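Working notes for the structure below.
Bear in mind that the values here come from a model prediction, so they are computed numbers and not experimental data.
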2 protein chains.
Amino acid sequence: MDEETKIPQATAKRLPLYYRFINNLYLQGKKRVSSKELSEAVKVDSATIRRDFSYFGALGKKGYGYNVEYLLSFFRKTLDQDETTEVALIGVGNLGTAFLNYNFMKNNNTKIVVAFDAQKERVGGEIGGVPIEHIDNLEEKMGNVSVAILTVPSQAAQGITDRLVAKGVSGILNFTPARITVPSTVRVHHIDLSVELQSLAYFLKHYPL
Amino acid sequence: MDEETKIPQATAKRLPLYYRFINNLYLQGKKRVSSKELSEAVKVDSATIRRDFSYFGALGKKGYGYNVEYLLSFFRKTLDQDETTEVALIGVGNLGTAFLNYNFMKNNNTKIVVAFDAQKERVGGEIGGVPIEHIDNLEEKMGNVSVAILTVPSQAAQGITDRLVAKGVSGILNFTPARITVPSTVRVHHIDLSVELQSLAYFLKHYPL
DNA sequence: CAAAAATCGTGAGTGATTTCACAAAGTCAG
DNA sequence: CTGACTTTGTGAAATCACTCACGATTTTTG
């Protein structure tokens with residue numbers, strides 16, 4: 001618990017990535033893996049991988065590497081892979097639809113259980129097995145999911161955020177360009193597609209490799 | 001030129017974000033803005049904003065703040081907003097379609113000019129004004145765009161990447177879960193939607209706010 | 001079994017980024 | 001015009017992240 005608090009954020013962000021690759025190795029029937037091999041697969045320096053793993057104790061064996069099955073079961077526990085986090089998706093536009101069709105449950109502990117939209121034509125049906133409700137019924141139909149994915153037009157972002165927060169959501173994955181305001185008890189991760197593309201273009205022009 | 005090379009990467013990543021908010025202010029008719037106001041809007045510490053701006057010289061005035069119009073024209077030049085970067089999109093599935101419908105040209109210097117897909121049913125039409133070609137004709141039809149957005153199934157990612165690289169692409173925005181291998185002259189930015197969601201879930205459970 | 005090879009875990013160094021905190025310089029009201 | 005106020009730009013400190021390099025330990029080979 002107190003131990004976990006000390007794990008650097010940069011490490012925490014890489015854990016799901018490690019988990020997925022270790023799972024792949026397991027499915028391929030590999031018994032052992034070295035930090036060097038893993039490094040080539042996930043494109044993270046091998047010393048960084050060893051350091052990351054070391055925050056959880058000594059998971060490997062010198063001269064041998066890491067036992068895939070052990071590593072997998074360890075990360076499964078650590079990432080709470082056995083316990084599913086239920087997620088609501090707000091905004092069934094192009095991007096929202098993509099998420100609903102995406103099968104998050106592969107290698108994953110998160111599941112979209114309900115979606116909302118403002119357009120009546122979209123309400124009532126379902127996409128990828130997820131029922132679509134009207135945004136007016138947000139409070140009533142969202143149950144107590146703790147995480148929401150926000151894929152609405154930016155103008156609507158803050159208003160819906162306020163309602164989500166009032167309903168007790170504690171994490172928001174925000175795909176709108178708007179920077180939303182939340183109480184300090186709520187965690188927001190921003191993914192701004194247009195910033196990503198622009199920033200890639202900027203790097204290409206100004207940081208020649 | 002040499003000056004620009006020294007701008008920290010962390011700063012460079014925030015520039016497109018600054019640009020968009022400054023543009024909003026300009027459209028709202030605001031004449032001046034302080035780092036404190038901007039900080040509240042973009043959710044970046046005001047000292048960080050001042051430091052970021054300072055890499056470009058003294059853009060503000062003490063006791064006054066920053067002149068919105070000046071700032072905007074400065075960032076327009078810096079981010080090459082007048083010069084459009086042409087982009088190809090590979091994989092017109094759910095996510096790819098979302099991109100094509102998304103209007104990137106708002107506040108933006110990037111434009112998707114051509115899309116490719118392996119399914120014949122999708123080829124020939126267009127989405128959001130962008131023509132869809134068959135992946136077999138990639139080399140022939142992509143012209144010399146320098147940036148590609150990869151929204152294909154992970155199994156196809158490396159193969160297509162190799163073809164893109166051979167054709168001279170220098171930047172790839174990779175939305176597949178696969179970690180692709182490229183020569184050191186090519187820049188890749190990864191956006192892994194499932195990692196983002198899992199990592200948010202992990203932070204919620206282990207880093208209480 | 002002994003020597004060679006592999007590989008982890010980590011101390012220590014380096015580098016990058018953020019934040020504090022304040023002098024300097026300007027604005028603004030009366 | 002003066003004094004109170006605002007806000008920048010930046011040195012210096014603090015924090016965070018990454019990488020090197022090597023001792024320790026185990027595996028592997030002959």
Exercise. With a cut-off of 6.0 Å (strictly less than), are more than 12 heavy atoms of other residues, nucleotides or ligands near NZ of A/Lys36?
Worked result: no
Exercise. Under the criterion side chain to side chain contact (heavy atoms under 4.5 Å, CB included), which of A/Val182, A/Val169, A/Asn174, A/Ile90 is the partner of A/Thr161?
Worked result: A/Val182
Rounded distance in Å - [atom1] ([X]) to [atom2] ([N]):
{"X": "B/Leu59", "N": "D/dT8", "atom1": "CG", "atom2": "P", "value": "11 Å"}
{"X": "B/Tyr55", "N": "D/dT8", "atom1": "OH", "atom2": "C1'", "value": "15 Å"}
{"X": "A/Lys6", "N": "D/dC16", "atom1": "NZ", "atom2": "P", "value": "14 Å"}
{"X": "B/Asn67", "N": "C/dT27", "atom1": "CG", "atom2": "P", "value": "12 Å"}
{"X": "B/Lys36", "N": "D/dC5", "atom1": "NZ", "atom2": "C1'", "value": "13 Å"}
{"X": "B/Gln9", "N": "C/dG15", "atom1": "CD", "atom2": "P", "value": "15 Å"}
{"X": "B/Phe56", "N": "D/dT8", "atom1": "CZ", "atom2": "P", "value": "17 Å"}
{"X": "B/Ile49", "N": "C/dT17", "atom1": "CD1", "atom2": "P", "value": "17 Å"}

Problem set entry | Side chain of B/Pro8 - closest among C/dT17, D/dC18, D/dG9 | C/dT17
[N], OP1 or OP2 - any side-chain N/O from [X] closer than 4.0 Å?
{"X": "B/Thr48", "N": "C/dT19", "value": "yes"}
{"X": "B/Tyr66", "N": "D/dG9", "value": "yes"}
{"X": "A/Ser35", "N": "C/dC8", "value": "yes"}

Exercise. Does B/Arg51 make a side-chain donor-acceptor contact with the base of C/dT17, cut-off 3.5 Å?
Worked result: no
Residue pair [X] / [Y], side-chain heavy-atom distance below 4.5 Å:
{"X": "A/Lys167", "Y": "A/Leu164", "answer": "no"}
{"X": "A/Val188", "Y": "A/Leu150", "answer": "no"}
{"X": "A/Thr48", "Y": "A/Arg14", "answer": "yes"}
{"X": "A/Arg179", "Y": "A/Asp192", "answer": "yes"}

Problem set entry | Sugar-phosphate only, base, or nothing, as touched by A/Phe53 at under 4.0 Å among non-hydrogen atoms | nothing
For this session: Please check if the distance between the ring centroids of A/Phe53 and A/Phe75 is under 6.0 Å.
Result: yes
Exercise. Tell me, for nucleotides 21-30 of chain D in 5' to 3' order, what letter each nucleotide earns: B for a base near a protein heavy atom under 4.0 Å, S for only sugar-phosphate near one, - for neither?
Worked result: B-BBBBSS--
Seminar exercise, completed: Of A/Asp45 and B/Ser54, the one whose nearest nucleotide on DNA chain D sits closer to the 5' end is B/Ser54
